[in-house]
Amino acid sequence: MRSILFTMIFSNKLITWYLENKRFLPWRETKNPYAIWLSEIILQQTRVAQGLPYFEAFLTTYPTVKDLADAPEDDVMRLWQGLGYYSRARNLHATAKKVAYELNGVFPPNYKELLTLKGVGEYTAAAIASIAYDEVVPVVDGNVFRVLSRVYGITSDISTNTTKKEFQALAATLIPQHDPATFNQAIMDFGAIQCTPKSPDCPSCPFIKECVAYQTNQVAVLPIKLSKVKVKKRYLDFIIFIDKDGNTHIEQRTAKDIWQQLYQFPVFDSFTHHVEDIDSALRERYDTLYIKEIKELTADAITHQLSHQKLHIKFWCVQIEATPSVQTSWEDLNKFGFPIVIHNFITSLDLKTLIS
DNA sequence: AATACGGGGAA
DNA sequence: TTCCCAGTATT
């Protein structure tokens with residue numbers, strides 16, 4: 001452990017850097033817990049540039065937590081469409097309802113109670129408590145792991161819970177009592193702008209003299225992260241039914257699986273192979289189905305990379321007399337949230353060429 | 001302690 | 001391609 005003097009130098013230098021280099025972000029202009037909570041949920045595992053337009057859209061569409069609580073779930077999911085990790089949207093909605101109707105519209109007032117909210121873990125509770133309430137509790141996110149592991153030369157595996165506790169303890173010694181909000185945002189901005197994962201800007205870094213990683217030439221290998229995910233292949237054949245009126249059929253995903261609560265076209269789903277004989281497969285699943293024509297819309301399967309699965313996706317157009325279940329008009333599809341890969345495909349499609 | 005869960009940007 | 005992003009919930 002470094003000296004007390006160094007911890008003060010670290011905090012002061014960090015905040016000095018922040019005041020000169022910080023990004024101007026809309027959620028920094030407020031102490032409103034609702035807006036700050038919203039920004040923190042959106043920014044989980046998400047870059048600022050990607051989350052920013054979603055933050056604006058949500059705050060505009062739902063100016064208060066009650067507006068969000070009262071929204072239909074389909075609307076919330078659709079607004080979240082494309083951002084990924086959709087459990088965040090479901091938890092966001094559930095928490096909005098709880099705050100609006102069980103907590104009288106008031107967010108829990110401290111770190112410990114914030115932790116009880118769905119979708120709010122240690123990082124997010126610390127972020128909200130420090131930024132909205134000035135509670136002295138350090139955030140530990142990917143940026144903090146990176147900055148501290150480098151400056152302090154910490155070589156523990158950051159994917160373990162034990163290491164996370166070590167970093168929380170270290171950060172707790174660094175965070176100043178008088179301005180935790182600025183410190184937390186400073187260390188995250190520093191990690192995002194200066195001490196970046198790849199090719200950080202060490203020559204202009206204020207910690208170049210103190211940084212253990214820089215002095216021992218370990219910047220490129222820190223932080224150490226050992227856990228590596230294994231990615232499964234998965235084969236999806238989506239069936240776009242078109243009936244005689246030009247309507248199609250969609251269904252909602254409800255299983256504990258990817259894309260829960262989002263919509264999709266009926267699908268054949270396998271971890272080993274694409275459907276070999278679509279015609280037979282369709283007749284097996286829907287025993288009464290008058291098929292006029294089957295058209296393969298994707299000569300080559302579309303690949304779509306998720307964190308734990310690599311999807312190989314084909315789309316089929318199947319013209320029939322009537323849809324096998326509830327029908328949806330093509331124009332109404334934009335009322336539903338789809339996985340982005342489906343949404344992009346729909347957008348690229350021309351219905352006329354589909355049925356010609 | 002491991003694993004599942006999206007999508008996109010950067011190198 | 002590979003990495004990883006203002007992580008959380010579940011097993």
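Proteins come first, then strands; the chains are lettered A, B, ... in the order of their sequence lines, and each starts at number 1.
- A close approach under 4.0 Å does not occur between any side-chain nitrogen or oxygen of A/Tyr85 and OP1 or OP2 of B/dA4.
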At a cut-off of 3.5 Å, list every protein nitrogen or oxygen paired with a nitrogen or oxygen from nucleotides 9-11 of chain B, distance to 0.1 Å.
none

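- When the P atom of B/dC5 is taken as reference, atom NZ of A/Lys118 falls 18 Å away, rounded to whole Å.
- Residue A/Arg90 is classed as having no contact, given no heavy-atom separation below 4.0 Å to the nucleic acid.
- Comparing A/Asn161 and A/Pro339 by the nucleotide of DNA chain B whose heavy atom lies nearest to each, the residue mapping closer to the 5' end is A/Asn161.
- In this model, a side-chain donor or acceptor of A/Thr46 finds a partner on the base of B/dG6 within 3.5 Å.
- A/Val144 comes within 4.0 angstrom of nothing in the nucleic acid, heavy atoms only.
- In terms of position along DNA chain C, the nucleotide closest to A/Asp141 lies nearer the 5' end than the nucleotide closest to the other residue of the pair A/Lys256 and A/Asp141.
- Each of A/Thr162 and A/Gln45 was assigned the nucleotide of DNA chain B with the nearest heavy atom; the assignment lying further toward the 5' end belongs to A/Thr162.
- When heavy atoms are screened at a 4.0 angstrom cut-off, A/Trp27 is found touching base atoms of the nucleic acid.
- In this structure, NE2 of A/His343 is placed 15 Å from C1' of B/dG6, rounded to the nearest angstrom.
- Using cut-offs of 30° and 60° for the angle between ring planes, the A/Phe338 and A/Phe336 rings count as perpendicular.
- Between A/Arg88 atom CZ and B/dG6 atom P the separation is 9 Å, expressed in whole Å.
- By the 6.0 Å contact criterion, OH on A/Tyr290 is open, its count of non-hydrogen atoms from other residues, nucleotides or ligands being 12 or less.
- Rounded to whole Å, the separation between the P atoms of C/dA6 and B/dA4 comes to 24 Å.
- Atoms CZ (A/Arg234) and C1' (B/dA4) sit 12 Å apart, rounded to a whole Å.
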Which atom pairs, one a donor and one an acceptor, fall under 3.5 Å between side chains of residues 304-314 of chain A and the rest of the protein, sequence neighbours left out?
residue, atom, partner, partner atom, Å
A/Gln309, OE1, A/Arg234, NH1, 2.9
A/Lys314, NZ, A/Glu296, OE2, 3.4

Ignoring hydrogens and angles, write down the donor-acceptor pairs under 3.5 Å from the side chains of residues 112-136 of chain A, residues two or more places apart or on other chains.
residue, atom, partner, partner atom, Å
A/Glu113, OE2, A/Asn110, ND2, 3.0
A/Thr116, OG1, A/Glu113, O, 2.6
A/Glu122, OE1, A/Lys164, NZ, 2.9
A/Glu122, OE1, A/Gln168, NE2, 3.1
A/Tyr123, OH, A/Glu40, OE1, 2.7
A/Thr124, OG1, A/Gln44, NE2, 2.9
A/Ser130, OG, A/Ala126, O, 2.8
A/Ser130, OG, A/Ala127, O, 3.2
A/Ser130, OG, A/Asn184, ND2, 3.0
A/Tyr133, OH, A/Pro108, O, 2.8
A/Asp134, OD1, A/Lys31, NZ, 3.1
A/Asp134, OD2, A/Lys31, NZ, 3.2
A/Glu135, OE1, A/Tyr111, N, 2.9

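- Note on A/Leu83: a base of the nucleic acid sits closer than 4.0 angstrom, heavy atoms only.
- The number of heavy-atom neighbours closer than 6.0 Å to NZ of A/Lys292, taken from other residues, nucleotides and ligands shown, is above 12.
- Residue A/Trp259 places at least one side-chain N or O under 4.0 Å from the OP1 or OP2 atom of B/dG7.
- In this structure, A/Glu102 does not pair ionically with A/Lys97, as no charged nitrogen and carboxylate oxygen lie closer than 4.0 Å.
- Between A/Lys66 and A/Asp70 there is a salt bridge, since a side-chain N of the basic residue sits under 4.0 Å from a carboxylate O of the acidic one.
- Within the 4.0 angstrom heavy-atom criterion, base atoms lie near A/Asp189.
- Scanning residues 121-137 of chain A for heavy-atom distances under 4.0 Å to DNA chain C yields A/Gly121, A/Glu122, A/Tyr123, A/Thr124.
- Note: A/Tyr235 and A/His273 fail the aromatic proximity criterion, with ring centroids not under 6.0 Å apart.
- Listed in residue order, the members of residues 303-314 of chain A having a heavy atom less than 4.0 Å from DNA chain C come to none.
- Relative ring orientation between A/Phe315 and A/Phe238 is described as parallel, the plane-to-plane angle staying below 30° on a 0-90° scale split at 30° and 60°.
- A/Phe268 carries A/Arg285 over the face of its six-membered ring, with the cationic atom under 6.0 Å from the centre and within 45° of the normal.
- With both ends at atom P, the span from B/dG6 to C/dT10 equals 14 Å, rounded to whole Å.
- First and last contacting nucleotides of DNA chain C toward chain A (any atom under 4.0 angstrom from a heavy atom, 5' to 3' order): C/dC3 to C/dT11.
- Heavy-atom contacts from other residues, nucleotides or ligands closer than 6.0 Å to CG of A/Asp300 number 12 or fewer.
- Side-chain polar atoms of A/Gln252 and A/Thr254 form no donor-acceptor pair below 3.5 angstrom.
- Relative orientation of the A/Tyr34 and A/Phe107 rings is tilted, given thresholds of 30° and 60° on the angle between their planes.
- Remark: A/Arg23 engages A/Asp189 in a salt bridge, criterion side-chain N to carboxylate O under 4.0 Å.
- Taking atom CG of A/Leu262 as the reference point, atom C1' of B/dC5 lies 12 Å away to the nearest angstrom.
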Pair A/Phe241-A/His249, ring-ring contact (aromatic ring centres under 6.0 Å, His included): steps then yes or no: CA-CA 6 Å; A/Phe241 286 116; A/His249 172 61; 7.1 Å; no
